[in-house]
Number of protein chains: 2
Amino acid sequence: MQNDCRNCPFKTKATSMLSDCSLDQLTSNHLELKLKKGDSIIKQGTYSTNVVFLRTGLAKIHIAGPYTEQIVKMVNAPSYLGLPTTFGSKINQYSVTAVSDAEVCFIDLGVFQNILDENKEFTREIIQEFCKNELESFHRCANRTQKLIRGNMADAILDFADKIFKSDSFTLPLSQIEFANLVDTSRESVSRVLAEFDKDGIIKVTGRQIEILNKKSLILVSQNG
Amino acid sequence: MQNDCRNCPFKTKATSMLSDCSLDQLTSNHLELKLKKGDSIIKQGTYSTNVVFLRTGLAKIHIAGPYTEQIVKMVNAPSYLGLPTTFGSKINQYSVTAVSDAEVCFIDLGVFQNILDENKEFTREIIQEFCKNELESFHRCANRTQKLIRGNMADAILDFADKIFKSDSFTLPLSQIEFANLVDTSRESVSRVLAEFDKDGIIKVTGRQIEILNKKSLILVSQNG
DNA sequence: TATATATTGTGATGCATATCACAAAATAAT
DNA sequence: ATTATTTTGTGATATGCATCACAATATATA
């Protein structure tokens with residue numbers, strides 16, 4: 001209910017396609033919140049009534065598997081969250097949680113639908129997003145199930161560096177348990193493999209701080225064992 | 001270029017939302033083909049220029065993983081195929097192959113986009129589809145990676161019965177190798193587990209013919225080991 | 001009908017990794 | 001500062017399942 005969405009500096013490609021009219025509609029129909037690390041944004045099992053726009057910060061999408069919690073993917077701002085679960089089901093089918101401090105805007109589903117109806121370009125971009133996500137999803141799943149742990153961990157580290165932090169040096173926003181849930185392993189294996197990578201001089205591990213020392217090797221590990 | 005799409009008896013929920021105008025546009029801009037079991041519909045690595053409508057038949061979506069081919073999901077008619085890969089990437093990121101005789105309509109991407117632009121209800125349904133798929137995708141991946149083989153095989157069999165064939169008795173449209181690719185195992189394990197289920201009286205296996213004898217047990221196996 | 005090719009069945013072996021069981025740090029709470 | 005709690009490190013053990021190696025069918029091809 002606060003900021004003018006027209007001047008929001010955190011627009012996605014899709015959002016930048018919106019008409020001023022639709023942006024004004026958003027301005028008067030959204031609820032802006034500042035969240036702390038660890039705060040829940042969307043909770044699996046509860047009613048889904050809002051689409052969420054992640055203005056700033058980093059979030060994890062996670063789902064309760066048959067035995068353990070699985071982190072489906074990491075998402076950084078700016079990005080829409082919860083479209084699949086809000087459109088596809090009355091009840092949230094997954095959770096989203098902030099892993100850093102974050103700012104989010106809750107948007108009423110009806111309003112969002114309205115905006116979709118009235119902005120072809122926006123809709124196109126959103127559909128494009130869905131497509132990319134589904135493709136990524138296919139690849140990720142194939143990799144996870146076929147690669148060994150070292151390969152998956154290398155993948156994850158490369159992902160953090162290239163997609164999330166855009167830097168070869170970063171601090172992991174996850175505990176080892178969470179990292180394990182992201183990579184489908186046990187906490188212990190995460191610890192061990194991280195130590196291995198460090199010993200081999202591929203990365204430097206200092207607590208949760210990770211620095212990639214030899215990216216080529218890391219890519220090789222990602223591809224092979 | 002043949003049949004009148006207005007009278008097509010194989011409409012999806014989305015398609016039934018289309019204006020006559022759009023249906024006529026489809027009529028004059030689609031290529032209808034009869035396919036035989038095993039024929040390729042979409043091929044990973046080639047240029048994607050068409051959306052495909054599966055009028056009749058059964059298809060598998062499969063993707064080349066890092067080591068082996070993985071069957072992402074089975075799709076039966078009526079359904080659109082290749083939206084993610086056609087919208088999301090210039091080059092097909094996965095393959096689709098008929099596993100039974102099938103009829104398909106190739107629709108030019110531009111025409112499809114046009115139809116999206118001009119039919120809000122249709123677009124809504126398509127988006128709904130995307131959402132459901134993404135949710136399914138999350139669940140499937142979590143299950144596959146966390147469950148043991150018996151659980152995954154039980155899942156797959158239940159899926160065939162409930163979602164694909166709508167009958168507890170059906171003939172598997174896949175070889176054991178393919179079944180293994182669907183369930184993320186080895187061909188040998190498929191053979192063994194199928195024999196186990198048969199021995200336990202849960203299903204009756206006669207070649208590729210499967211009859212579910214004890215559905216409750218099968219569901220139990222799906223949930224636990 | 002005969003021959004080649006693909007599909008399936010089944011044992012033996014090995015290996016990656018989960019699990020268990022603690023100890024040691026590091027963080028948070030008092 | 002001190003205690004409690006969460007996170008991490010590391011060995012030992014167990015196990016699910018892939019892989020290998022053939023035999024036995026079934027299916028396609030000549």
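Labels below follow one simple rule: chain letters A, B, ... track the order of the sequence lines, proteins then strands, and each chain is numbered from 1.
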>> Does anything in residues 172-179 of chain B come within less than 4.0 Å of DNA chain C? Heavy atoms only, and list the residues if so.
In response: B:S175, B:Q176
Show the atom names and distances, to 0.1 Å, of all donor-acceptor pairs under 3.5 Å that link a side chain in residues 168-176 of chain A to residues at least two apart or in another chain.
{"unit_1": "A:D168", "atom_1": "OD1", "unit_2": "A:K215", "atom_2": "NZ", "d": "2.9"}
{"unit_1": "A:S169", "atom_1": "OG", "unit_2": "A:Q209", "atom_2": "NE2", "d": "3.0"}
{"unit_1": "A:S175", "atom_1": "OG", "unit_2": "A:I177", "atom_2": "N", "d": "3.4"}
{"unit_1": "A:S175", "atom_1": "OG", "unit_2": "A:E178", "atom_2": "N", "d": "3.2"}

> Minimum heavy-atom separation for B:V221 to B:A154, with atom names?
Replying inline: CG1-CB, 4.0 Å
>> With each end axis built from five pairs of C1' atoms, what bend angle do you get for the helix from C:dT1-D:dA30 to C:dT27-D:dA4? Round to 10°.
In response: 50°
>> Just checking A:Y47: does its OH atom have more than 12 heavy atoms from other residues, nucleotides or ligands closer to it than 6.0 angstrom?
In response: no
> Is the backbone of B:T185 close enough, under 3.5 Å, to the side chain of B:S189 for a donor and an acceptor to pair up by distance?
Replying inline: no
Under 3.5 Å, which donor-acceptor pairs do the side chains of residues 190-199 of chain B form with other protein atoms, sequence neighbours left out?
{"unit_1": "B:E196", "atom_1": "OE1", "unit_2": "B:R150", "atom_2": "NH1", "d": "2.4"}
{"unit_1": "B:D198", "atom_1": "OD2", "unit_2": "B:V205", "atom_2": "N", "d": "2.9"}

> For nucleotides 16-30 of chain C, read 5' to 3', which letter fits each nucleotide if B means a protein heavy atom sits under 4.0 Å from the base, S means only the sugar-phosphate is that close, and - means neither?
Replying inline: SSSBBB---------
>> Rounding to an integer number of Å, can you tell me how far B:R208 CZ sits from C:dA6 P?
In response: 14 Å
> Will you find, in the side chains of B:Q70 and A:T145, an N or O donor that is under 3.5 Å from an N or O acceptor?
Replying inline: yes
>> One thing to verify: whether B:K13 and B:E129 come together as a salt bridge, which I'm taking to mean a side-chain N less than 4.0 angstrom from a carboxylate O.
In response: no
>> What is the separation between atom CG on A:N181 and atom P on D:dT7, rounded to the nearest whole Å?
In response: 12 Å
>> Expressed as a whole number of angstroms, how long is the span from B:K37:NZ to D:dT27:P?
In response: 10 Å
>> Expressed as a whole number of angstroms, how long is the span from B:K199:NZ to C:dT10:P?
In response: 11 Å
>> Ignoring hydrogens and geometry beyond distance, is a side-chain donor-acceptor pair present between B:N133 and B:K73 at under 3.5 Å?
In response: yes
>> A:F138: which residues meet the ring-ring contact (aromatic ring centres under 6.0 Å, His included) condition with it, sequence neighbours left out?
In response: B:Y94
> Taking atom P of D:dA18 as reference, at what distance in whole Å does atom CD of A:Q146 sit?
Replying inline: 12 Å
> To the nearest angstrom, how far is B:N152 atom CG from D:dA18 atom P?
Replying inline: 11 Å
>> Less than 3.5 Å apart, any donor N or O on the side chain of A:T85 or A:Q93 sitting next to an acceptor on the other?
In response: no
> Is the shortest distance from a Lys or Arg side-chain nitrogen in A:K37 or A:D101 to a carboxylate oxygen in the other one below 4.0 Å?
Replying inline: no
